[in-house]
Amino acid sequence: MQRFLSISSKSIKNVSNLLKFSTPITEPTTYSVGFGVKFLCGGLRNYSSEESNRESINYDVVIVGAGPAGLSAAIRFKQMCIEKDVDLSVCVVEKGAEVGAHILSGNVFEPRALDELIPQWKQQQAPITVPVTSDKFLLLTKKHAFSLPSPFDNKGNYVISLSQLVRWMGSKAEELGVEIYPGFAASEILYDASGNVIGIGTNDMGIAKDGLKKENFQRGVELKGRITLLAEGCRGSLSEKIIRDYKLREKVQAQHQTYALGIKEVWEIDEMKHKPGTVLHTLGWPLDNKTYGGSFLYHMQDRQVSLGLVVALDYKNPFLNPYEEFQKLKHHPAIKPLLEGGTVLQYGARTLNEGGFQSIPHPVFPGGAIIGCSAGFLNVPKIKGTHTAMKSGMLAAESAFGALHEGSNMQTYWDSLKKSWVWEELRKARNYRPAFEYGLVPGLAVSAVEHYFLKGRSPVTLKHGKPDHEATEPANLHTPIAYPKPDGVVSFDVPTSLYRSNTNHEHDQPAHLRLQDKNIPELVNLPKYAGPESRYCPARVYEYVPNEEGQQKLHINAQNCLHCKACDIKDPKQNIKWTVPEGGGGPGYSVM
């Protein structure tokens with residue numbers, strides 16, 4: 001079965017005739033690969049299937065993930081090739097059906113890294129047009145909202161659609177000669193005989209649930225790179241494997257990563273209520289005083305607002321349901337009037353790194369590096385990580401170019417990172433998140449001292465508490481939470497929200513959510529923790545249903561998966577392993 005390659009992100013289909021080249025290419029050659037699209041192959045690309053039963057394509061640099069970090073790395077690398085008049089090849093592989101398909105709109109964007117990467121971004125029609133005009137911070141109780149001094153300093157920032165931005169960046173990368181392959185999921189790391197990473201393998205397509213090959217079976221492809229950069233985003237499966245296998249946290253005495261789950265909707269609201277550039281953040285209700293988290297509401301362009309709730313995954317109560325907490329939030333008197341009369345356009349969820357400075361692993365491994373949120377560069381008090389992710393990608397690209405063209409090595413990435421503004425910014429912000437281990441009020445007090453008095457110069461570095469999965473307490477220590485039924489106006493049930501995510505997976509494929517021990521759900525999770533996977537998942541992937549004998553058994557609706565990774569993080573026994581499904585599966589967030 002032939003699949004077509006689309007080089008332009010504007011015409012991306014589920015790619016490609018990647019596997020059809022088996023002859024080494026030494027001269028530039030133009031190939032037509034469907035839909036009238038042509039691309040130029042030359043330089044160091046080498047298409048071969050001699051060493052395995054899979055086709056392989058050689059590049060100088062292979063990047064996994066077409067998000068802000070991966071595309072920034074690709075663009076910066078090709079910029080340096082042009083500056084030095086060197087022809088080196090770069091490819092970016094993306095598991096989403098198209099660039100931006102797995103990124104939901106709504107972001108307050110700090111343009112610092114983009115100013116460095118593409119100084120003329122305004123003149124080049126970057127989709128960044130709504131400056132922040134208002135920046136408020138509220139402490140919510142059940143019925144009231146109290147204004148607090150805003151610590152976010154969003155002057156000079158913009159409210160954007162991050163999905164639109166990465167699509168624009170993808171087009172800029174392609175103009176420089178980067179080859180982007182959406183619809184292909186990187187499922188494994190390739191190693192040489194010495195244990196050095198030499199690229200990635202994409203998963204096979206056309207495998208049925210029972211493991212047999214279907215008529216449309218297509219073998220995965222090996223994308224081999226002299227340097228491999230992993231930009232998978234938070235809790236990337238390949239990145240986590242590399243961090244474990246090469247003991248990258250231990251190498252720099254980094255703490256474990258800690259995470260939060262962000263649940264988001266994009267609304268279209270009444271024009272009279274819409275104020276482009278308005279930014280609102282909240283703390284407090286609906287979460288209890290022991291659970292860290294808060295909400296955000298950003299007014300974008302075209303009457304759209306992005307509304308979400310972030311819940312730290314180190315919460316203790318197994319009955320807490322982040323999705324239902326989000327539904328409650330929308331009924332608060334400070335939020336509900338804005339939404340009434342509006343329409344939900346999209347729904348989605350994603351985990352984010354909150355470990356910050358203390359949790360950054362050594363990002364260099366033999367044969368490559370980890371960049372962006374895969375390493376964990378989110379600035380928690382700013383609630384921003386796009387600018388730091390982009391800068392990390394740029395620094396890694398410069399090191400990769402030096403290693404390939406100037407005889408240096410990837411260790412320079414780590415050295416440059418520690419000398420960069422990313423490092424200084426995260427170092428100053430390091431104590432905000434762990435301060436909330438002691439509760440909301442102590443956290444606010446410590447954060448105020450850090451922000452207004454010490455200004456990040458504290459002589460003490462606070463440590464994180466238990467890993468998120470260990471923080472979950474037994475159900476007998478807590479009372480079940482009775483959540484109100486959705487009203488269908490501002491709050492909704494999971495199936496309704498899931499429909500708005502455009503999530504789709506090929507039904508007849510092996511489950512990408514795998515239990516390492518199939519007995520743990522019924523023997524441990526259900527009796528001890530009251531089946532928390534049925535609540536922490538924002539897509540109702542996990543359900544306990546009675547079998548013919550009336551016994552509760554865990555049923556996995558893998559086709560619902562939003563790729564948020566919460567299950568991989570929060571399962572009390574770390575029994576659920578998230579793996580990539582067939583390329584192109586998952587949410588399909590449209591351009592907003």
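The model shown is predicted, which means the values in this text are computed figures rather than measured ones.
- Between the side chain of S501 and the backbone N or O of G348 there is no donor-acceptor pair closer than 3.5 Å.
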Derivation of the side chain to side chain contact (heavy atoms under 4.5 Å, CB included) call for E450 and S458: CA-CA 7 Å; E450 283 279 344; S458 173; 3.2 Å; yes

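- Put simply, the side chain of Y292 does not reach to within 4.5 Å of the side chain of V311, judged on heavy atoms.
- Counting only N and O atoms by type, the side chains of S497 and Y323 include a donor and acceptor under 3.5 Å apart.
- Proximity of a side-chain donor or acceptor of E232 to a complementary backbone N or O of L238 within less than 3.5 Å is detected.
- Using a 4.5 Å cut-off on side-chain heavy atoms (C-beta onward), F152 and V279 make no contact.
- Side chain of Q327 to main chain of F492: a donor-acceptor pair is present (N/O by atom type, distance under 3.5 Å, no hydrogens or angles).
- In this structure, H362 and W414 have perpendicular ring planes: the angle between them is above 60°, well past the 30° mark.
- Of all heavy-atom pairs spanning G100 and V166, the tightest one is CA-CG2, 3.6 Å.
- E240 and W578 share no donor-acceptor pair across their side chains, judged by distance under 3.5 Å alone.
- At least one donor-acceptor pair closer than 3.5 Å links the side chain of S374 to the backbone N or O of G233.
- By the 4.5 Å heavy-atom criterion applied to side chains, S237 and V580 are counted as neighbours.
- No donor-acceptor pair under 3.5 Å is formed between the side chain of S239 and the backbone N or O of R235.
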Residues Y499, T496; criterion side chain to side chain contact (heavy atoms under 4.5 Å, CB included); working and verdict: CA-CA 5 Å; Y499 174 79; T496 300; 5.9 Å; no

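- In this structure, F453 places its CZ atom where only 12 or fewer heavy-atom neighbours from other residues, nucleotides or ligands lie under 6.0 Å away.
- A cation-pi arrangement, defined by a distance under 6.0 Å to the six-membered ring centre and an angle within 45 degrees of its axis, is absent between R535 and Y483.
- Rounding to the nearest 0.5 Å gives a distance of 7.0 Å between CD1 of I263 and CZ of F326.
- Atoms NE2 and CG, on H274 and D302 in that order, are 8.0 Å from each other to the nearest 0.5 Å.
- Contact annotation: the side chain of V310 approaches that of E354 to within less than 4.5 Å [non-hydrogen atoms, C-beta and beyond].
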K384 vs N154, side chain to side chain contact (heavy atoms under 4.5 Å, CB included): CA-CA, chis, key distance, verdict: CA-CA 11 Å; K384 294 179 184 66; N154 280 313; 2.6 Å; yes

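- Going from atom CG of L498 over to atom CZ of R500 covers 11.0 Å, rounded to the nearest 0.5 Å.
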Verdict with reasoning, I335 to L280, per side chain to side chain contact (heavy atoms under 4.5 Å, CB included): CA-CA 10 Å; I335 305 293; L280 172 67; 4.2 Å; yes

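- Under the 3.5 Å distance criterion, with hydrogens and angles disregarded, no donor-acceptor pair is assigned to the side chains of T278 and S134.
- Remark: side-chain polar atoms of H256 are paired, donor with acceptor, to backbone N or O of G465 under 3.5 angstrom.
- L378 and L426 make their closest contact through O-CD2, 3.7 Å (heavy atoms, listed as atom of the first residue, atom of the second, distance).
- A donor-acceptor contact shorter than 3.5 Å is absent between the side chain of Q358 and the backbone of A254.
- Counting only distance, with no hydrogens or angles, the side chain of Y413 and the backbone of I370 share a donor-acceptor pair below 3.5 Å.
- With ring centers used as reference points, Y158 lies under 6.0 Å from W121.
- A salt bridge (Lys or Arg N to Asp or Glu O under 4.0 Å) check over residues 313-331, counting only residues at least two apart or in different chains, returns the pairs E265-K330, D314-R433, E325-K328.
- A distance of 6.0 Å or more separates the ring centres of H144 and W285.
- A heavy-atom distance below 4.5 Å is not found between the side chains of F137 and P149.
- When all heavy atoms are compared, the tightest approach of C373 to A389 is N-CB, 4.4 Å.
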Audit row: E98, R167, salt bridge (Lys or Arg N to Asp or Glu O under 4.0 Å) steps and yes/no: CA-CA 9 Å; E98 61 181 23; R167 283 171 166 87; 2.6 Å; yes

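- Contact of the V494 side chain with the N560 side chain is not registered, since no non-hydrogen atoms from C-beta on lie closer than 4.5 Å.
- At least one donor-acceptor pair closer than 3.5 Å links the side chain of E94 to the backbone N or O of G96.
- The main-chain N or O of M272 is never found under 3.5 Å from a side-chain atom of R303 such that the two would form a donor-acceptor pair.
- More than 12 heavy atoms of other residues, nucleotides or ligands sit less than 6.0 Å from atom NZ of K172.
- Inter-residue side-chain proximity for P587 and H563 is flagged as met; some heavy-atom pair is nearer than 4.5 Å.
- Separating the OG atom in S306 from the CE atom in M300 is a distance of 5.0 Å, to the nearest 0.5 Å.
- One finds the CD atom of E110 at 11.5 Å from the CD1 atom of I160 (value rounded to the nearest 0.5 Å).
- Taking the ring centre of Y315 as origin, the terminal cationic atom of K570 falls inside the region bounded by 6.0 Å and 45° from the ring axis.
- The CZ atom of F365 sits 4.5 Å away from the CG atom of L230 when rounded to the nearest 0.5 Å.
- Atom NZ of K418 has more than 12 neighbouring heavy atoms from other residues, nucleotides or ligands inside a 6.0 Å radius.
- Contact of the W421 side chain with the T388 side chain is registered, since non-hydrogen atoms from C-beta on lie closer than 4.5 Å.
- Across N353 and Y259, no two heavy atoms sit closer than the pair ND2-CE2, 3.6 Å.
- L140 and A334 make their closest contact through CD2-CB, 4.5 Å (heavy atoms, listed as atom of the first residue, atom of the second, distance).
- Residues L309 and G294 share a closest heavy-atom pair of CD1-O, 3.4 Å.
- Taking the six-membered ring where the residue is Trp, the centroids of Y298 and H281 are separated by under 6.0 Å.
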